[in-house]
Number of protein chains: 2
Amino acid sequence: MDNVTAVDRSAALGIFDSGVGGLTVLKEVLKILPFENCVYFGDVGRTPYGGRSKDIITQFTRQDVAFLMEQKVKFIVCACNTASSVALEDIRDDYPVAMVGVIEPGARAAAQRTKKGRIGIIGTHATVNSNAYARYIHEIDPKLKVFSLACPLFVPLAEEGYIDKEATYLIARDYLQTMRDVDIDTLVLGCTHYPLLKHVIGDVMGDEVLLIDSGEETARAARDVLSETNILNPGASQTPCPEGERRFFVSDVPEKFGGVASRFLGQEVSRITRVDISRY
Amino acid sequence: MDNVTAVDRSAALGIFDSGVGGLTVLKEVLKILPFENCVYFGDVGRTPYGGRSKDIITQFTRQDVAFLMEQKVKFIVCACNTASSVALEDIRDDYPVAMVGVIEPGARAAAQRTKKGRIGIIGTHATVNSNAYARYIHEIDPKLKVFSLACPLFVPLAEEGYIDKEATYLIARDYLQTMRDVDIDTLVLGCTHYPLLKHVIGDVMGDEVLLIDSGEETARAARDVLSETNILNPGASQTPCPEGERRFFVSDVPEKFGGVASRFLGQEVSRITRVDISRY
């Protein structure tokens, strides 16, 4: 990109998701890049994306990115597995900033850490149908075996706080039986809501299966890109480094978002502004 | 309305919903008004409405109605409990056709049939927060006691076909315990998805609690309005009466809708056309 040299290093990172799930990615970003300014956009007015078509997901993703571009972000994290797997590759060349999605980092971590060469992917219908995780994994090593499974009820269960309930265990056992049968040793949590159910999923799969949290891997990938392209915030080199500013935008009224967001992010969320995303 | 006399009696009924749930209402309409032409619009590209704000729900509802008006329908059934309870009263006077929502018919049936004067309402967060059922019930009889409860997981469970599963019973027992404690004798299924879980809800509540299906009541209300305003399709008076034409429109790709829709409607659904609803 010709204009990389012109990037304002103090500009914010833009992070977007179909709703609140991407806050689990933001949480990891804030851990390792605390000095960066961040703008988060959550499309809560049209969430969830996971059951929709490629056409609609691509249209929504373009609008989300257009809003972040207007905020003059220096870099974009697509924190939504569905948008990353279905739309990101088709649109990334149309914008003058670098973008990282959650698929490639999660796929790379799984490919590196599996010992048996047998990897499971769980996500939404759209993510699984796209086959994006398997494509990335096979680019790294075509011999790896990949098994993908949609677990659509995990999103509403996580959003409703049905975390430690017997019903959630029953549904998880029901969904994940196939993954147990095919003898994987590594399971990618291919939806940003799933880390909230990590405990349940881990119990059902057993200790011998390694769970990969795409959010953690994506935060590291974002740090690597910022560092390699020399656009880390100048505050990064100060001691102690100053904490960046965080701003939140949503496509529906902010009140409800604040409560759920604080649970997902693990800290109080304020300064939430509403955007009419249909105008982008 | 001045232009009632100008209504084309052969024109179609317009029925809309946030997605597939309204097909349970269409099913009841087709039973008692088989001779009517029907246009169904399902906003599957933006479903579900139940967790969104009044602002967004009203914006989406206006777009849904604008599309049906363009189809020159003679009458509109708002088959979505959320849209009916949150938006319908605010917008109905802005359009030149009569509209019926699902709240008033369900509320009336509950008020007429309760013996103890204690009525339960279950629905989405938006429906429950609107208090619309309680308002209609109290217009009929201010002495009736109304208890309202949001059961948000029932929608994804119904859509995923989790009908007869133990997990669904556990969640239903969890949600409905309050309704059992307050000793209601009548429970309104205030969401068009809930009739799919009628068996589970009935088992949990027990035989002594009467379940009211708003869809059935709404179909009867629609027939009454069409009859009273003399705009029933002329085919109604023929013997045997000819079957009306059914057309389906959705705001995302039609393929997935066809399968789920056939399950909800109990018959094959074809002739499904996609609409870009954001243009309305």
Side-chain angles (χ1 to χ4, degrees), chain A residues 18-20 43-60 62-63 124-126 129 150-162 165-175 193 200 250-257 259-260 274-280, chain B residues 18-20 43-60 63 86 124-126 129 150-162 165-175 193 200 250-257 259-260 274-280:
Chain A
S18 56
V20 293
D43 196 5
V44 294
R46 303 186 297 194
T47 199
Y49 287 6
R52 310 202 197 285
S53 72
K54 181 179 169 75
D55 274 16
I56 287 279
I57 294 162
T58 304
Q59 175 195 328
F60 289 180
R62 280 192 184 279
Q63 291 175 310
T124 64
H125 280 302
N129 290 346
C151 302
L153 285 170
F154 282 176
V155 168
L157 288 168
E159 291 211 355
E160 291 303 318
Y162 256 70
K165 303 264 196 175
E166 180 57 21
T168 307
Y169 275 92
L170 283 175
I171 291 168
R173 274 186 219 116
D174 200 6
Y175 278 153
H193 281 75
V200 177
V250 289
S251 54
D252 197 349
V253 292
E255 291 72 18
K256 194 185 162 200
F257 178 80
V260 184
R274 179 167 170 187
V275 183
D276 182 355
I277 195 65
S278 69
R279 300 293 175 96
Y280 286 84
Chain B
S18 56
V20 291
D43 195 4
V44 294
R46 303 186 298 194
T47 197
Y49 288 4
R52 311 203 195 283
S53 71
K54 181 180 170 74
D55 274 17
I56 287 278
I57 295 162
T58 305
Q59 176 195 327
F60 289 179
Q63 291 174 311
V86 171
T124 65
H125 280 303
N129 291 344
C151 302
L153 285 170
F154 281 176
V155 168
L157 288 167
E159 290 210 355
E160 291 303 320
Y162 257 67
K165 303 263 196 175
E166 179 57 20
T168 307
Y169 275 93
L170 283 174
I171 291 168
R173 276 186 218 117
D174 201 6
Y175 278 153
H193 282 75
V200 177
V250 289
S251 54
D252 196 348
V253 292
E255 290 73 16
K256 194 184 163 200
F257 178 80
V260 184
R274 179 167 170 189
V275 182
D276 182 355
I277 194 67
S278 68
R279 301 292 175 95
Y280 286 83

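Every chain is numbered from 1 and lettered A, B, ... according to where its sequence line falls, protein lines coming before strand lines. No experiment lies behind these values; they were computed from the predicted model shown. Because only heavy atoms are used, hydrogens play no part in the values below, and waters and symmetry mates are left out as well, while side chains stay in.
- Leu153(A) CG to Ile171(B) CD1: the interatomic distance, rounded to the nearest 0.5 Å, is 8.0 Å.
- Heavy-atom distances place the backbone of Ser251(B), and not its side chain, under 4.5 Å from chain A.
- Summarising the geometry, atom OG belonging to Ser278(B) is positioned 7.5 Å from atom CD1 belonging to Ile56(A); distances are rounded to the nearest 0.5 Å.
- Annotation: side chain of Glu166(A) is not in contact with side chain of Asp174(B) (no heavy-atom distance under 4.5 Å).
- Take Pro152(A) and apply the side-chain contact (heavy atoms from CB on, under 4.5 Å) test, not counting sequence neighbours, and it matches His125(A), Ala150(A), Tyr175(A), Glu160(B).
- Only the side chain of Tyr162(B) has a heavy atom closer than 4.5 Å to any heavy atom of chain A.
- Proximity to chain B (any heavy atom under 4.5 Å) is shown, for Glu159(A), by neither the backbone nor the side chain.
- The contact between Arg274(A) and chain B is made entirely by side chain atoms (from C-beta outward), counting heavy-atom distances below 4.5 Å.
- Between chain A and the options Asp276(B), Val155(B), Thr47(B), heavy-atom pairs under 4.5 Å are most frequent for Thr47(B).
- Between the Arg52(A) side chain and the Val44(B) main chain, a donor and an acceptor come within less than 3.5 Å of each other.
- Without hydrogens or angle criteria, Arg46(B) side chain to Gly45(A) main chain gives no donor-acceptor distance under 3.5 Å.
- Contact annotation for Phe60(B): only side-chain heavy atoms (C-beta onward) come within less than 4.5 Å of a heavy atom of chain A.
- Contact of Lys165(B) with chain A is made through the side chain alone, with heavy-atom distances under 4.5 Å.
- Contact of Glu255(B) with chain A is not made at all, since no heavy-atom distance falls under 4.5 Å.
- Looking at residues two or more places apart in sequence or on another chain, you find a side-chain contact (heavy atoms from CB on, under 4.5 Å) between Val275(A) and Phe41(A), Phe67(A), Phe249(A), Tyr280(A).
- Looking at Ile57(B), neither its backbone nor its side chain comes within 4.5 Å of chain A, counting heavy atoms on both sides.
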